[in-house]
Amino acid sequence: MALTSILNVRYRGLASCVPKNVVSNFDCPPEQRSERERLVRNIGIETRRICHSWQCFSDLAVVAAEKLLVELGWERDDVDALIVVTQSPDYLMPGSAILIQDRLKLRTSIPAFDINLGCSGYPYGLYVLGSMLTSGAIRRGLVLVGDKSAWLPDSLLPLFSDCGTATALEYDTNAPPMHFDLNSDGSGYRAIMMPVGGARERTDFYHFNPQNAEGSEKRRPVDLILDGAAVLNFSIARVPVAVKQICETAATPLADIDYLVLHQANRMINETIRKKLGLAAEKVPSTLHEFGNTSSASIPLTMTARIREDLTLNGRKSLLCGFGIGLSWASCILETDRICMPALLEA
Amino acid sequence: MEDFDNFVANFTSAVDFQEEREIRADTKLADLPEWDSLAALGVIIMFDTEYGVTITGGDLKACPTISSIFELIQARRK
């Protein structure tokens, strides 16, 4: 989509919460150690935070939201809208946002709904909530973003990690514009997908048996499909172009951007994008090594875990770019001024 | 014409071998223990950044030997 700007909306605060449970990619049989070292070296992910079996994304997001409300000094009744961006809802239905409205004791007279997006979800969440606030008809909103990595075959376990985040936006006529560029290419939907469990193919007992799909390795149809090569090609072709384009149309040179916060896919993808854009590593913070790929939460988690102090003390211009499942990619240029950011939370 | 030795150096770096392997033009990819999905990602990036050529996972699956990957560079650059 062409660049669109949202006026009168201030980015007020962000809180991120990860599970306490730390899993190491080096936790493997000794004979696999060398192979794992090669994997960790290339994907850049050593440890991950994994929910307990009883824990959902929503549990992490609620902890983040509770803390953020306290730090901002917002009353529950001050919240006029609640949006949840997740692909791991508590239930297939109803949506998680409605359940969280009650858990957070927000008013019943507010809209609460889910957005089904993954890696690209953070800029989308800001855009949708920002669009609702821009007229001033409602004044304060929360967007909760993140996922619990579930339904993974063993081969994909080393990549994914869990996180829930809460972001607060507020109507403010003095706020600098937020710039957005949002894109979709559904022709690539097979690159990352859960083929079973939706209405197209309901889960059946035989989906739990490993099968050969199209002559490739055996996999269980209930597990996530991830075509690494297709995602890689998509990411390194689309993202550098998208970053340059939003800078150009927002009349903000890339050199004026303090931080490029990318979705944390894996080191190979993120480093290729960074090098194509000619940016120094300090300008492109990464949490891959410690927190892996946390889906839609990876951008806000990286802001909390890596640049929190700077963002709380100073005015900064950040370019956020999420890309992946859909295929979908979205960028946002965000000018923040001393935002409210609690330290990283654990639950 | 690309330099084959230079290509082998790039390939070796992209695959990130755990142990030293002898790479010749007729080396069969299936005989290399590290020739896996991770190696394919490294080689796709190497094609993009070193040679400006986009290849897919399918292109690599269709290659039986090192020389067939090398030939992809020439074929795709046309």
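Side-chain atoms are counted along with the backbone in the values below, which use heavy atoms only and exclude waters and symmetry mates. These numbers were taken from a predicted model, which means no experiment stands behind them.
- With sequence neighbours excluded, the residues satisfying side chain to side chain contact (heavy atoms under 4.5 Å, CB included) with A:Arg238 are A:Asp185, A:Phe234, A:Trp329.
- Without hydrogens or angle criteria, A:Ser161 side chain to A:Arg49 main chain gives a donor-acceptor distance under 3.5 Å.
- Residues B:Val53 and B:Leu72 form no side-chain contact, since every pair of their non-hydrogen atoms from C-beta on lies 4.5 Å or further apart.
- Annotation for A:Ile257 and A:Cys247: closest pair CG1-SG, 4.4 Å, computed over non-hydrogen atoms.
- With a threshold of 4.5 angstrom between heavy atoms, B:Ile55 approaches chain A through N, CA, C or O but not through any side-chain atom.
- The contact between B:Asp16 and chain A is made by backbone and side chain atoms together, counting heavy-atom distances below 4.5 Å.
- Remark: side-chain polar atoms of A:Arg267 are paired, donor with acceptor, to backbone N or O of A:Arg41 under 3.5 angstrom.
- Taking SG of A:Cys51 as the reference point, atom NZ of A:Lys148 lies at 5.0 Å (rounded to 0.5 Å).
- Contact residues of residues 24-36 of chain B toward chain A are B:Glu34, B:Asp36 (heavy-atom distance under 4.5 Å).
- Judged by distance alone, the side chains of A:Ser331 and A:Asp181 never bring a donor and an acceptor atom under 3.5 Å apart.
- Annotation: the span from B:Ile44 atom CD1 to A:Asn233 atom CG amounts to 5.0 Å, rounded to 0.5 Å.
- Contact annotation for residues 272-296 of chain A against chain B (heavy-atom separation below 4.5 Å, listed by residue number): A:Thr272, A:Lys276.
- The closest side-chain heavy-atom distance from A:Ile325 to A:Cys119 is below 4.5 Å.
- Every side chain to side chain contact (heavy atoms under 4.5 Å, CB included) that A:Tyr189 has, sequence neighbours left out, goes to A:Met193.
- Ranked by heavy-atom pairs under 4.5 Å with chain A, the first of B:Leu60, B:Thr49, B:Leu38 is B:Leu38.
- The closest donor-acceptor contact from the side chain of B:Gln18 to the backbone of A:Glu37 lies at 3.5 Å or more, if one exists at all.
- Neither the backbone nor the side chain of B:Ser37 comes within contact range of chain A, judged by heavy atoms closer than 4.5 Å.
- For B:Val43, no part sits under 4.5 Å from any heavy atom of chain A, backbone or side chain.
- Under the 4.5 Å side-chain criterion, counting only non-hydrogen atoms from C-beta, A:Asp147 is not in contact with A:Phe160.
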